[in-house]
Engineer: 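Could you have a look at this structure, given as structure tokens, before my questions?
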Amino acid sequence: MRALITGVTGQDGAYLSKLLLDKGYDVDGLSPRHSTLNTWRLEEMGICDHPSFTLFVGDITCPASINFHVKVGGYDEIYNLGAMTFVAESFNSPIATMHINGLGSVNILEAIKNHSPKTRFYQASTSEMFGNTGGMLNEDSPMIPVSPYGIAKLYAHHMVKYYREHHGIHASAGILFNHESPYRGIEFVSRKICDGVAQIKAGKIDHIELGNLDACRDWGYAGDYVKAMWLMLRQDTPDDYVIATGETRSINYFLGRAFDNADIDMCGRIKTNDVFKRKSDVHILCGDAAKAGKKLGWVPTAGIDTLIKIMMDAEMERHEVGR
Ligand code: GDP
């Protein structure tokens, strides 16, 4: 089996590469030139040196680049993880966000339709598409996004359905709720908190500055979530699936557990700063992954407390502090 992963240098790209290489795939990774400098995850996971892995420079916003790779690659599967992934940044860069997260996906779907129609396609859709719909969210819940990130992703989500229904492409979308790991980007709140707490433990800083502490997220472990991507492409019929744990917790809860893990009193260690508050935020997200459980046999192995422990262990090691 041959697979192409766009956005391969990110958290999910690294975990998915590892999963596919372990299953005996040949994996090509695609990354824009500026991101190919950012290979620390691939290096730490031993992917860069794997004989079945090749990293290519290529940009999903450039149809010529994508056409070339899809045409010559002979891929059985393409996983589109290439995106501007940080919601907060999308408020400052709405046009670039649409180019990458929206049109980038369509460039790949067009290339598949024209040059490799048997290739199976996975789209990284997101819980951010729901906006403030609220409740237990499943594949049929209303989607009313409140950020340029979510709006661009929703456009791509609909296009996946269009290529599936009108062009017969085997294209599936995973509506993934927040998923974290020690390889999460430092700008995301989960890693920012764990890194900050470990730095406090190491005596490097004395507090952490954050934005909206009341927001609630359904946080899972990224290693579990990439398995769901692979399972979606094993199905005879392409479809959309919510991938989530079904449990939602606030930033405040995450903070409490992270400080507990380091055995530090949280009192006086958190300051709020408006810089980290968003123009519009999603207040609460909680996903119902029953369909993925039933059809894919997918279940998450790690809940929130296990996830925080995994992340805190890694950050304490990075900052060389014991408990
Ligand atoms: P997102 O759900 O994909 O936007 O993931 P993030 O980790 O970036 O943000 C999750 C939630 O944490 C959002 O509601 C943010 O407003 C909230 N939050 C509070 N303080 C911070 C912060 O300092 N950084 C980030 N990234 N998010 C914060």
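Residues take their numbers from the sequence shown, with the count starting at 1. Only heavy atoms go into these numbers, but all of them, side chains included; no hydrogens, no water, no symmetry mates. When a ligand or atom number is given, it counts from 1 through the structure's own listing order.
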Engineer: Ring centroids only, cut at 6.0 angstrom: are F121 and H170 within range, meaning strictly under it?
Structural biologist: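 Ring-ring flag for F121/H170: false, centres at least 6.0 Å apart.
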Engineer: Any luck finding a side-chain donor-acceptor pair between N212 and H283 under 3.5 Å?
Structural biologist: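 Short answer, no.
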Engineer: Is it the case that T61 and H99 place a side-chain donor and acceptor less than 3.5 Å from each other?
Structural biologist: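 Judged by distance alone, the side chains do not pair up.
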Engineer: Ignoring hydrogens and angles, state whether a donor on the side chain of Y15 or D224 is under 3.5 Å from an acceptor on the partner side chain.
Structural biologist: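 No.
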Engineer: Looking at residues at least two apart in the chain, or sitting in another chain, which of them share a ring pair (Phe, Tyr, Trp, His ring centres under 6.0 Å) with H167?
Structural biologist: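 Per chain and number, H167 pairs via ring pair (Phe, Tyr, Trp, His ring centres under 6.0 Å) with Y162, Y163.
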Engineer: What does the N/O contact table under 3.5 Å look like for ligand 1?
Structural biologist:
{"unit_1": "ligand 1", "atom_1": "2 (O)", "unit_2": "N178", "atom_2": "ND2", "d": "2.9"}
{"unit_1": "ligand 1", "atom_1": "2 (O)", "unit_2": "R217", "atom_2": "NE", "d": "2.8"}
{"unit_1": "ligand 1", "atom_1": "4 (O)", "unit_2": "R278", "atom_2": "NH1", "d": "2.6"}
{"unit_1": "ligand 1", "atom_1": "4 (O)", "unit_2": "R278", "atom_2": "NH2", "d": "3.4"}
{"unit_1": "ligand 1", "atom_1": "5 (O)", "unit_2": "N178", "atom_2": "ND2", "d": "3.4"}
{"unit_1": "ligand 1", "atom_1": "7 (O)", "unit_2": "V189", "atom_2": "N", "d": "2.9"}
{"unit_1": "ligand 1", "atom_1": "8 (O)", "unit_2": "R278", "atom_2": "NH2", "d": "2.8"}
{"unit_1": "ligand 1", "atom_1": "9 (O)", "unit_2": "R278", "atom_2": "NH2", "d": "3.4"}
{"unit_1": "ligand 1", "atom_1": "14 (O)", "unit_2": "R217", "atom_2": "NH2", "d": "3.0"}
{"unit_1": "ligand 1", "atom_1": "14 (O)", "unit_2": "D281", "atom_2": "OD1", "d": "3.0"}
{"unit_1": "ligand 1", "atom_1": "14 (O)", "unit_2": "D281", "atom_2": "OD2", "d": "2.8"}
{"unit_1": "ligand 1", "atom_1": "16 (O)", "unit_2": "D281", "atom_2": "OD2", "d": "2.6"}
{"unit_1": "ligand 1", "atom_1": "20 (N)", "unit_2": "G211", "atom_2": "N", "d": "2.8"}
{"unit_1": "ligand 1", "atom_1": "23 (O)", "unit_2": "K192", "atom_2": "NZ", "d": "2.7"}
{"unit_1": "ligand 1", "atom_1": "26 (N)", "unit_2": "E187", "atom_2": "O", "d": "2.9"}

Engineer: Does E317, at its CD atom, have more than 12 non-hydrogen atoms belonging to other residues, nucleotides or ligands within less than 6.0 Å?
Structural biologist: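 No, the 6.0 Å shell around CD holds no more than 12 heavy atoms from other groups.
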